[in-house]
Amino acid sequence: MSSSSRRSRRTAAVDDIEAASNDNDTSSSNPRLQAIRERSRAVAEREASRLARPEASLASHKLGHASKSKSAVSSTPFGQLMKTTTKSGGGTTNNNEAQEWCGPFSVARQMIAAREDARRLRLQQTEEGENDNKEHHPLDHVMEEARLEQQRKDNPSMNWISRRHRTDATNNSNYYVKRRKRFHKQKELMGIGGNSVPSLFRLCINYLVDNFEHVDSLGLVDHSIRVALCERLVAQGKMNGAAFDVLAEEGVETLELVDCAQVTQDQFCDAIKVLIPIGLRAILLQHCGRCFGGQAVKTIVDMKSDDIQLFALSLSGAYLLSDDDLARLIGATSHSLTSIDLTACPLVGPQFCNAIGQHYASSFDDVTHCLLELSLEDIPLKKEALLSLGAASDALRNLKSLKLKSIESVDDEVVEIILNSIDEASLEGIDLSSNTQLTDEVLSSIRRRGTNLRSLQLSGLRNLSAIALEAFFTPIDDMPSPPMLRKLDLSHCSRDEINDAVVMLAAKASSFRSLADAVNSEIEISSSVNPENLVSEITNSLGLVHVNVCGSSISDKSMEMLSATCKSSLEELDIGFCASVSDKGLGYLVSKVGRQLSKIHVWGCAQITEDFLDGHDRLDEGGLEIVGVWMKNGGGRSLR
Amino acid sequence: MEDDSEQTYVKLVSAEGTEIFLEKRIALQVDTMRAMLEGNFRESEESVIRFPDISDSALEKVVRYLHYKDRHANSTSRIPEFPIEPEEALELLVAASFLNC
């Protein structure tokens, strides 16, 4: 398919040349002819090396139009810069661009880009050199073996052998039988499943829910029990007003309802009128459109402020909650409210941002009100409102966790201004997923302001580039050190941009206490170093805990680095749709990481075969759940 | 600790002081009890676990459940229902939540 497209492109170029030359204007100043000549020359230059040796394998070369440095079109702003630095003729433009972005972060990016280009050029040249020699030397196979041996030493994961091959397992059974057996064994070890005995907790919950109309009151039960009851009630469709009365009885500290669709506004207001004065601390409602509107806000606002001790408010789907009402609610509760979480509330707007800016400012009243957690998801806020949130006052100075997800107007400037208003040492968690306008600049802002960052979620940001991410996790002289993360989510970004280098650097950054002296100071990472040699330098309690790199292009090298750096911390790993991770890499990871690893997601990984699934080291002890196993026989016969 | 035909037993004491003996291997299947018995606690030395918050009837029902679970753990046929009385349901729920079983 690729060769035919190549051919069609060439024929199009040839047609153009013929058409131009038929114009009867042979002067070289004809701009059209000149342009065509230059274009076809560029194509010829980059394809010539490959076309001259048709027997060379295509796999080792990136097709010209797919390589970022060679192709003329580049989507990220950084891609433009890369192009001008490599072209020798672009001297003046290069200087201008360099002057615009003069911060240390962009300098680091340029250095990494230059290094990448040099490396690519070097690789290309060595590959061409290898393909030149077509003679067979008698010692060829010895060289090959030596090279393979070196590769094995550098990549310990190649040595992993599945347990299946160590013991003589019968290979005869049908694939579906094997899958069913594996599934049952996993469920049995996890303690759930159709044929095993349900837990006493589950039995009691089910019994109570089945007879919930006879339940008058629950008394002083733990909050987790109420939540479990609520979930089961919703699942059975029995969550109605009467059930609500039982769940929201006097003395509860937390009102958490998974689905309030059946609760009316009157009922809700009556309930909170009673509950708040006697100590309701948190309201966590989902699908609360019907019950949380103007009347509920009025009820709360009318109470004496001494009575209100709410510290957390989480509303999802409050479609009746207007902007002014919410602003008044913030005003009435800001003395104790430290955690605000709004999802899918379509009427919320600038009044809400003004209220936050006003009531949490340090200059308001004598009592300092403190906002610790702000989560906004899918709220139609305009850019001015968001800017005022950060710029109007120092309301966000103590913020520990910031989440701005799926909000269209969030762009680099907004993030920069909001991050600038937060104290440097306090921010611990950032979630900027699914904001389509964000680019690499946001990484620069985060790196400058987030020294204590523990959780970084940048899922679905398609404009991030590998170079910027590498720079983010590399020590740079004038900037604070890269964050020691515990939770990293880079899923659903552009596939090629989340590569081995990024993940390896992130893993290293998260596990070295002082990265400056632990690793060599130059930015170059030597990817041929066996990660096992790093083990002695790593402190045990650090490292990534949750890693999500779904839809990226990482390979077994990242698995090796993760097993070396996050040996005692890694708990959950999502490598769905990562086509380059193989059985060996995963098997090596499972054998090296400690028993706290409990979940691996492999959705869409057709290359993971029974070698890993039936042969990994923790098959017998249980505790490791593998989610998303490929349905058909994987390995050689994949659909790719 | 009594040895009864090669089985070791642990003693469970309810809020009212009633003592129930349970086979140790069944007790170790319950997360909370296993934590108590395997750590450096007094419970592991004496093989006695006290539950001052769980009433007599609830503790007896819990032990009944543990025997029921042990008996049907690996069976392939249909598992009979475990009967729960309405009066004891809520207290049993609280006990189950505490024991995580």
Side-chain angles (χ1 to χ4, degrees), chain A residues 177 180-181 183-233 236 238 243 246-247 249 251-252 254 256 595 598 620-623, chain B residues 12 14-15 20 22-23 25-35 38 49 51-101:
Chain A
V177 171
R180 200 162 11 113
K181 266 197 274 183
F183 194 49
H184 274 282
K185 180 156 197 187
Q186 186 176 284
K187 280 216 286 195
E188 175 192 306
L189 289 170
M190 302 290 297
I192 46 176
N195 229 7
S196 70
V197 180
S199 74
L200 185 58
F201 185 77
R202 189 56 33 202
L203 283 174
C204 293
I205 293 275
N206 294 353
Y207 181 81
L208 276 175
V209 167
D210 289 341
N211 300 303
F212 211 67
E213 51 272 12
H214 302 294
V215 177
D216 283 331
S217 116
L218 292 174
L220 292 171
V221 290
D222 196 30
H223 176 61
S224 57
I225 294 181
R226 280 181 203 268
V227 169
L229 278 172
C230 183
E231 283 172 8
R232 177 83 188 169
L233 281 166
Q236 299 288 87
K238 299 179 101 172
V246 174
L247 288 175
E249 55 186 311
V252 286
T254 312
E256 181 171 349
R595 299 203 48 198
S598 55
D620 294 328
E621 353 167 311
Chain B
L12 309 176
S14 74
I20 304 180
L22 180 65
E23 281 173 39
R25 71 173 173 86
I26 301 183
L28 288 176
Q29 289 171 12
V30 180
D31 287 344
T32 315
M33 289 200 229
R34 181 166 76 210
E38 286 184 351
I49 306 182
F51 296 109
D53 300 327
I54 304 184
S55 78
D56 206 11
S57 50
L59 191 61
E60 192 205 328
K61 199 72 181 184
V62 169
V63 171
R64 249 190 240 278
Y65 168 77
L66 291 175
H67 281 122
Y68 158 85
K69 177 175 169 182
D70 184 54
R71 187 176 173 287
H72 296 280
N74 291 322
S75 94
T76 44
S77 56
R78 204 184 84 78
I79 301 176
E81 206 184 305
F82 182 69
I84 303 180
E85 299 303 310
E87 313 82 53
E88 55 191 13
L90 193 54
E91 211 179 344
L92 198 56
L93 175 60
V94 175
S97 157
F98 172 69
L99 290 171
N100 200 14
C101 71

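Naming: A, B, ... by sequence-line order, numbering from 1 per chain. No experiment lies behind these values; they were computed from the predicted model shown.
The stretch residues 55-66 of chain B places B:V62, B:Y65 near chain A, each with some heavy atom under 4.5 Å from a heavy atom of that chain. Contact residues of residues 203-212 of chain A toward chain B are A:L203, A:C204, A:I205, A:Y207, A:L208 (heavy-atom distance under 4.5 Å). Among residues 90-99 of chain B, the residues having any heavy atom closer than 4.5 Å to a heavy atom of chain A are, in sequence order, B:L90, B:L92, B:L93, B:V94, B:A96, B:S97.
Residues satisfying the side-chain contact (heavy atoms from CB on, under 4.5 Å) criterion with B:R71, sequence neighbours excluded, are absent altogether.
The neighbour count for B:E81 CD, taken as heavy atoms of other residues, nucleotides or ligands under 6.0 Å away, does not exceed 12.
Looking at A:L200, the atoms closer than 4.5 Å to chain B (heavy atoms on both sides) sit in the backbone and in the side chain alike.
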